[in-house]
Protein chains: 2
Amino acid sequence: MKDGARKVSDSTSQAARVPAHEQVYQKLREQILFGEIAPGEAVTIQGLTERLDAGMTPVREAIRRLTSEGALQFQGNRRVIVPHLTDANISEIIFARQWLESHLALRATERATPADHQQLTFMDDAVDHAIQQGDLRNYLEMNYRFHAKIYDLAGAPILSEIADSLWLRFGPSLRVMIGRVGTQNQPDKHKAVLECMRTGDAEGSARAIREDMLQGMEQIRRILEISGDDR
Amino acid sequence: MKDGARKVSDSTSQAARVPAHEQVYQKLREQILFGEIAPGEAVTIQGLTERLDAGMTPVREAIRRLTSEGALQFQGNRRVIVPHLTDANISEIIFARQWLESHLALRATERATPADHQQLTFMDDAVDHAIQQGDLRNYLEMNYRFHAKIYDLAGAPILSEIADSLWLRFGPSLRVMIGRVGTQNQPDKHKAVLECMRTGDAEGSARAIREDMLQGMEQIRRILEISGDDR
DNA sequence: TGACCCAGAATATGATCAAATTTTTCCGTG
DNA sequence: CACGGAAAAATTTGATCATATTCTGGGTCA
């Protein structure tokens, strides 16, 4: 009954170890994180089963997970959307990230090895490259990976998860903001962070990361304030 | 084929508006939060379908949600357990709760009305009552509700969610701790918090809540340190 | 001790039922 | 005669379950 043109177990040869619901989760997560789904846009189960070529159950589970993390939002009735950020939301996120990013950067600086410094430098170069190319999607991804690497280095899994989940909340709006302002106008403090990490200046890293974060978040706030039109 | 001895829609008469996966989530969440499932204990899908008298799909979704929130943990293979807390975990939770609880208490103090003060007083009385009775389960629940009410008053949904998810992480261990120490030896700072809230001393509330939290968390750390045996 | 087999548990699909939104139809009014 | 709006039909989408399939772990036998 399941004869021919299905995709039984050939998907990625040896990637069969990863359960479907996990794969679906990862894919959907990235699509939200990097703004492929706009704030306010609806996410339907059946739409995703086609879009991601998956069954209904795995999609369902992925949606639940992302809803828990604040990346998606129940819409009273049983619709699910990518939430809009309110001004109050942004304030909360800024408040939380001030603590989180500073602390994680501080710990990361203390624990990072030269090899880690090099990896971070590569990532930052990739960010710069994406900026030059005006490659929006790649900019978002590389910028995220830079920060995510720092989270990872901090060796604080719980705090890292919280930071990650915050990123999921503002990711879609970040994309809107950059889409309007352009990648060119994105000054970041990554160079300063790298310098501090190399010299072991943990406090300095924390301060630089905090400023980097604030720049971005305030820019999001400004853009979303002006244009409440993206619905 | 759906006629006879099934449980089609008779479960709770008019509670049909709440989806099953939501109900299952709430129930399982409480069971974890109030320590009915011990750290290290396995949680099986089929076990829950019986335990909560639910279908397999809703149970699955509830487990995914709780896993996202850190209340459950994938065990490499496809087992799911209530995670053990490590010493490092506790440090992270303390760090996070220090700023979260303080900030939420501060905001709550600024926004609370006399009616809210009264509700909090009732809740604290319930805590005291549970302590006198030595009613472990009720103590845990009322203590949680006291804090949750403060989160609610703060009017900061994102931060509240984070605080809630942290509670899910240490809930099971809190139960272990109190189960060993007894409800009697649980001094709390709730009275001080209430007094500060009534007089509008926001900083004072923040400090008192922070101390209350620290007391509890350090006690958990101490107990778990001594006895690595609960597995 | 190591390989094999079996039981049980988890993953994943498709079918089926229910709810909600959208579209269509129809009637009354200006 | 056209327009607006309410009611009803139709379509779309979500919720749940029964079932088939796959994988893990443990026990047994050589």
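Below, all heavy atoms of this structure are taken into account, side chains as well, without hydrogens, waters or symmetry copies. In what follows, every chain begins at residue 1, and chains take the letters A, B, ... in the order their sequences are listed.
- Of the inter-residue distances, the one linking E22(A) atom CD with R64(B) atom CZ reads 8.5 Å to the nearest 0.5 angstrom.
- Within the structure, no pair that satisfies the salt bridge (Lys or Arg N to Asp or Glu O under 4.0 Å) test touches residues 68-86 of chain B, not counting sequence neighbours.
- Under the rule for a salt bridge (Lys or Arg N to Asp or Glu O under 4.0 Å), the partners of D116(B) that lie at least two apart in sequence or sit in another chain are K149(B).
- Comparing dA12(C), dT13(D), dT16(D) by their closest approach to the side chain of A20(A) singles out dA12(C).
- Residue I81(A) contributes atom CD1, which lies 16 Å from atom C1' of dG14(D) at whole-angstrom precision.
- Contact check of residues 57-65 of chain B against DNA chain D (heavy atom, cut-off under 4.0 Å) returns T57(B), P58(B).
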Would you be so kind as to tabulate the donor-acceptor pairs closer than 3.5 Å made by side chains of residues 37-49 of chain A, with sequence neighbours excluded?
from   : atom 1 : to     : atom 2 : distance (Å)
E41(A) : OE1    : A38(A) : N      : 3.0
T44(A) : OG1    : G47(A) : N      : 2.8
T49(A) : OG1    : Q46(A) : O      : 2.6

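- For the pair Y25(B) OH and dA15(D) C1', the interatomic distance rounds to 19 Å; values are reported in whole Å.
- For H21(B), counting side-chain heavy atoms from C-beta on, the closest listed nucleotide (dA12(C), dA15(D), dA9(C)) is dA15(D).
- Listed by chain and residue number, H190(B) satisfy the ring-ring contact (aromatic ring centres under 6.0 Å, His included) test with F146(B) (two or more places apart in sequence, or in another chain).
- Comparing atom distances between the I45(B) side chain and each of dT16(D), dA10(C), dA12(C) picks out dA10(C) as nearest.
- Identified under the side-chain hydrogen bond (donor to acceptor under 3.5 Å, both in side chains) test for residues 163-174 of chain B, with sequence neighbours left out: E161(A)-R169(B), Y144(B)-D164(B).
- The CZ-P distance, from F74(A) to dT13(D), rounds to 17 Å in whole Å.
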* To do: Walk me through it: do E141(A) and R145(A) pass the test salt bridge (charged side-chain N to carboxylate O under 4.0 Å, His left out)?
  => CA-CA 6 Å; E141(A) 178 160 348; R145(A) 298 226 182 285; 2.8 Å; yes

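- The nearest whole Å value for the distance from the CD atom in Q46(A) to the P atom in dG14(D) is 6 Å.
- In this structure, the CG atom of L48(A) is 12 Å from the C1' atom of dT13(D), given to the nearest Å.
- Atom-to-atom, CZ of R79(A) to C1' of dT22(C) comes out at 10 Å; the value is rounded to the nearest Å.
- When distances run from any side-chain atom of M56(B) to the nucleotides dA10(C), dT16(D), dA12(C), the shortest one goes to dA12(C).
- As a whole-Å value, the separation of E22(A) CD from dC23(D) C1' is 17 Å.
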